[in-house]
Amino acid sequence: MIAGPVAQFWSEFRVNRVAVVALAIVATIVVLSLVAPWITPQNPYDMAGLRLADARRPPGFVSPRTGITHWLGTDGQGRDVLSAILYGLRVSIEIGLSAGIIAFSLGVTLGTFAAYLGGRIEALIMRFIDLQLSFPAILLALVLAAVLGQGKWQLVAALVTAQYAYFARTAHGAAATERSKDYVEAALSTPLKPHVVVLRHILPNCMPPLIVVATVQVANSIALEATLSFLGLGLPVSEPSLGMLIANGFQYLLSGRYWISIYPGIALIVLIASINLVGDQVRDQLNPRLRR
């Protein structure tokens with residue numbers, strides 16, 4: 001029962017070679033970020049292990065003190081850029097997935113039950129969602145990050161608050177369409193509790209558009225996290241993310257030390273672009289009108 005749809009989905013997905021390559025890149029980045037502590041020559045979070053004498057060294061530099069070959073050079077604090085990128089990718093993926101899952105759960109719950117309940121409750125919830133959508137997500141994230149302060153979970157809370165409304169709006173539109181169909185009316189005629197009808201009948205049929213939005217919003221969460229870190233409102237200095245690594249090297253760009261910002265920026269672009277390419281293919285497959 002499960003293998004059939006999955007196999008069919010994969011057979012259609014692999015037709016798009018660009019999407020397959022993008023999925024492979026995402027999987028590779030995830031694996032490398034997970035095993036970073038075991039494959040990197042340095043722990044960039046260990047401030048005691050950094051050597052300022054090795055700071056701002058070009059790619060290929062071999063430290064005479066530690067014997068480490070810094071293939072992508074070092075930054076202004078003496079961090080190995082390759083190690084910092086892999087650790088930063090892990091932070092970005094962790095925060096992006098955490099924020100995406102929580103925002104998905106919150107937004108889908110609000111949107112689905114608003115469509116099911118209808119009336120004043122639906123109007124109240126959706127007008128609040130519309131009001132929030134009128135503000136740019138980056139503006140909300142900036143304000144909340146400044147108010148909540150630095151920290152991983154403070155950053156996740158800011159991203160969730162800035163993005164859950166997109167899931168709520170999508171879930172409400174899909175659930176409102178399903179709510180008017182005959183199979184829902186038939187389910188309501190039986191002695192089933194309302195939450196059972198929502199979870200077992202309405203929600204499963206709303207998942208295709210929500211999966212597409214979830215893919216896009218994970219990429220947006222990673223981009224927002226990098227933006228906040230670049231502006232100094234993300235994680236602490238002791239836990240550099242990709243955005244902070246780019247910010248640390250920004251002042252050295254004009255002096256020829258390009259590697260401090262360029263390589264983390266390339267890693268961030270590759271990750272976000274690959275996720276978006278996978279999301280585009282998933283969207284095309286789940287929406288028959290968009291199939292080529």
Side-chain angles (χ1 to χ4, degrees), residues 5 9 95-145 148 153 155-190 192-225 275-276 278-290:
F9 184 88
I95 291 178
L97 286 177
S98 299
I101 292 172
I102 297 174
F104 180 91
S105 302
L106 178 61
V108 169
T109 301
L110 287 175
T112 304
F113 277 97
Y116 175 81
L117 296 174
R120 295 182 178 180
I121 297 179
E122 178 186 20
L124 178 63
I125 293 175
M126 297 317 299
R127 295 301 76 75
F128 180 80
I129 295 298
D130 292 338
L131 177 63
Q132 181 168 336
L133 288 174
S134 65
F135 294 94
I138 181 62
L139 178 61
L140 290 174
L142 281 171
V143 172
L144 290 171
L148 297 176
W153 290 111
L155 186 57
V156 170
L159 295 176
V160 169
T161 306
Q163 293 190 305
Y164 81 94
Y166 296 97
F167 292 104
R169 170 51 66 187
T170 304
H172 176 265
T177 301
E178 297 298 324
R179 176 68 176 81
S180 60
K181 292 185 177 179
D182 293 338
Y183 76 91
V184 175
E185 297 297 334
L188 291 174
S189 65
T190 62
L192 292 176
K193 295 182 179 180
H195 71 275
V196 175
V197 176
V198 172
L199 295 178
R200 291 187 179 180
H201 297 276
I202 297 178
L203 186 57
N205 292 289
C206 300
M207 290 307 294
L210 290 172
I211 292 174
V212 176
V213 174
T215 306
V216 175
Q217 290 304 316
V218 167
N220 289 341
S221 294
I222 294 174
L224 277 176
E225 182 275 326
I275 294 176
N276 283 330
V278 173
D280 288 343
Q281 178 62 21
V282 173
R283 178 200 62 191
D284 292 348
Q285 290 185 223
L286 295 180
N287 189 345
R289 295 180 181 179
L290 297 177

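Hydrogens, waters and symmetry mates play no part in the numbers below; they use all other heavy atoms, side chains included. Residue indices begin at 1 and follow the sequence shown.
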Review point. Hey, is the main chain of F9 close enough, under 3.5 Å, to the side chain of Q285 for a donor-acceptor pair?
Key: yes
Practice item. Evaluate the side-chain proximity of P209 to V213: yes if any heavy-atom separation is below 4.5 Å, no if none is. Key: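 Counting from C-beta outward, V213 and P209 never come under 4.5 Å.
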Check your understanding: Hey, are the side chains of Q163 and L224 touching, using non-hydrogen atoms and a 4.5 Å cut-off?
Key ->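 They are in side-chain contact.
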How long is the gap from [atom1] on [X] to [atom2] on [Y], to the nearest 0.5 Å?
| X | Y | atom1 | atom2 | value |
| --- | --- | --- | --- | --- |
| L159 | I95 | CG | CD1 | 7.0 Å |
| L106 | T161 | CG | OG1 | 8.5 Å |
| N205 | T177 | CG | OG1 | 11.0 Å |
| R120 | I125 | CZ | CD1 | 14.5 Å |
| I275 | D280 | CD1 | CG | 12.0 Å |
| I121 | Y116 | CD1 | OH | 11.5 Å |

Nearest heavy-atom neighbours spanning [X] and [Y]:
| X | Y | value |
| --- | --- | --- |
| G107 | A171 | O-CB, 4.4 Å |
| A158 | A141 | CB-O, 4.1 Å |
| L140 | A162 | CB-CB, 4.2 Å |
| E225 | L155 | CG-CD2, 3.4 Å |
| A115 | R179 | O-CG, 4.1 Å |

Check your understanding: Of all residues at least two apart in sequence or in a different chain, which pass the side chain to side chain contact (heavy atoms under 4.5 Å, CB included) check with A223?
Key -> I272
Practice item. Go through the structure and list residues passing side chain to side chain contact (heavy atoms under 4.5 Å, CB included) with L142, not counting sequence neighbours. Key: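 Counting only residues at least two positions away or on another chain, L142 forms a side chain to side chain contact (heavy atoms under 4.5 Å, CB included) with I138, L228, L231, L233.
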Review point. Mind checking what makes ring-ring contact (aromatic ring centres under 6.0 Å, His included) contact with F104, not counting sequence neighbours?
Key: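 By the ring-ring contact (aromatic ring centres under 6.0 Å, His included) rule, F104 matches F167.
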Review point. Does anything in residues 126-137 pair up under salt bridge (Lys or Arg N to Asp or Glu O under 4.0 Å), and if so which pairs, sequence neighbours excluded?
Key: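 Residue pairs passing salt bridge (Lys or Arg N to Asp or Glu O under 4.0 Å), neighbours aside: R127-D130, D130-R169.
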Review point. Partners of Q132 by side-chain hydrogen bond (donor to acceptor under 3.5 Å, both in side chains), sequence neighbours excluded?
Key: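 With sequence neighbours excluded, Q132 shows a side-chain hydrogen bond (donor to acceptor under 3.5 Å, both in side chains) to Y164, given in chain and number order.
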Exercise for review: Apply side-chain hydrogen bond (donor to acceptor under 3.5 Å, both in side chains) to T112 and list each qualifying residue two or more places apart in sequence or on a separate chain.
Suggested key: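 T112 satisfies side-chain hydrogen bond (donor to acceptor under 3.5 Å, both in side chains) with no other residue.
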Check your understanding: Counting only heavy atoms not in L133, do more than 12 fall under 6.0 Å of its CG?
Key -> yes
